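One structure is given below, encoded as structure tokens.
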Amino acid sequence: MPELPEVEVTRRKIAPALVGRVIAVVRTTAPSYFFLTPPAVLKRQLKGRTVARLERLGKYLLATLDDGSRLLLHLGMTGQLFVQGSASLRLLSSTARASLKPEQQPAFKPDKHTHLRLSFRDGAAEVWFRDTRKFGKVKWLAPGERDARLAKLGPDALEVTGAEFHAAARRRRVPVKTLLLDQSVLAGVGNIYADEALFLTGVRPTLKASTLSGAQCDRLIANAQRVLRRSIATGGSSISDYVAPDGKDGAYQDERMVYDREGQPCKVCGAKIKRVVIGQRSAHYCPRCQR
DNA sequence: CGTTACACCTGAGGGC
DNA sequence: TGCCCTCAGGTGTAAC
């Protein structure tokens, strides 16, 4: 589900329900891979704290608490962070309300995949974190504590320059697609937007990164930022004004040029979209538009 | 160091 | 209906 646009849309949606409120109760599922910080520690550290701000770093969300500690969240492949509870409707705009998936509706009951539930002293809306595959992560950072995952992130994808990408590309023999997915080069691009950016630039995902020119890098990064911004504006790929349990009917669905369109005609030239595997991930491209 | 294969986990969908 | 396979918007780690 989540690449940069989905994480940013999530941030904007839950920030009003999180920032400025005092955490009263922390409920979790049993200790697992999901909890980089054990549930017991999480409960002890979060209770009574107030969230001062919520920011996005690449695909991570970072909540800074009033004691200077921080809560690091990652949605992995299937993570969903949402506002839940009797008063949640008051905290959401009508369009945001209409976009809720069934499991995000206020009447939804926590299930075995609902790993984290924050309730607040005011008793109003809660914030829930659900993740079926548990590739998502929750980690509490003590004041001043550094984190290796954050430390290795490159510039945010919305801010990286073509020159920075070119500098990284010159000494890499991997396919350009692999480089776009490398979070230490630029943070936030995932499988969908990498394919889309490459299509818009007319570059095959298999092209060796070191062969890209500076001008090509400039255009590639500009196109990546274009699709990321456009997706944020339309509510991300899985969260849209159209309710879709399978997460495939988001607003972005209609704008996708190549991702998950294997065998379908290219919207520009009509050629059949191809799918190849690069670095154990699928990559989609138009054999005619991308040379 | 860069590159690659694989591990983590659950569920959906296709073919038989 | 069940079984078995493949696939999935991510990323840390071990091994060459």
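Model, not experiment: these values are computed from the prediction. Sequence lines set the chain letters: A, B, ... in the order given, protein chains first and strands last, and positions in each chain run from 1.
The interatomic distance linking A:Leu36 (CG) with B:dC9 (P) rounds to 13 Å, in whole Å. A:Asp131 has its CG atom 15 Å from the P atom of C:dG9, to the nearest Å. Atom NE2 of A:His113 is separated from atom C1' of B:dT10 by 6 Å (rounded to the nearest Å). Taking atom CD on A:Glu3 and atom C1' on C:dG9, their separation rounds to 5 Å, with Å as the unit. Following rounding to the nearest Å, A:Asp195 (CG) and C:dG10 (P) show an atom-to-atom distance of 10 Å. Counting to the nearest Å, the P atom of B:dG11 and the CZ atom of A:Arg130 are 9 Å from each other.
Contacts of A:Tyr259 with the nucleic acid, taken as non-hydrogen atoms under 4.0 Å apart, involve only primed sugar atoms and P, OP1 or OP2. Within 4.0 Å (heavy atoms only), A:Ser282 reaches sugar-phosphate atoms of the nucleic acid but no base atom.
Taking atom C1' in both B:dT4 and C:dG9, the straight-line distance is 22 Å, to the nearest Å. Across the P atoms, C:dC3 and B:dC9 are found 23 Å apart, a figure rounded to whole Å.
Under 4.0 Å is where a charged nitrogen must lie from a carboxylate oxygen, and between A:Arg275 and A:Asp260 no such pair does.
Taking the six-membered ring where tryptophan is involved, the planes of A:Phe35 and A:His115 are perpendicular, since the angle between them exceeds 60° and thus also 30°.
Relative to the side chain of A:Phe135, the nucleotides B:dG2, B:dC8, C:dG9 differ in distance, and B:dC8 lies closest. The side chain of A:Val174 has B:dT3 as its nearest neighbour among C:dG10, B:dT10, B:dT3. Candidate nucleotides C:dA8, B:dA5, B:dG2 were compared by shortest atom distance to the side chain of A:Met77, and C:dA8 ranks first.
B:dG13: Watson-Crick or G-U partner is C:dC5, with both key distances under 3.5 Å.
Between A:Gln80 and A:Arg130, the side chains place a donor N or O and an acceptor N or O closer than 3.5 Å (distance only, hydrogens not considered).
When the side-chain nitrogen and oxygen atoms of A:Arg133 are compared with OP1 and OP2 of B:dC8, none of them lie within a distance under 4.0 Å. Note on A:Arg172: a side-chain N or O is less than 4.0 Å away from OP1 or OP2 of B:dT3.
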Check nucleotides 11-13 of chain C against the protein and report each pair of N or O atoms closer than 3.5 Å, with its distance, or say if there are none.
unit_1	atom_1	unit_2	atom_2	d
C:dT11	OP1	A:His74	NE2	2.7
C:dT11	OP2	A:Lys59	NZ	3.0
C:dG12	OP1	A:Tyr60	OH	3.1
C:dG12	OP2	A:Lys152	NZ	2.8

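You'll find the ring centres of A:Phe199 and A:Tyr259 outside the 6.0 Å limit.
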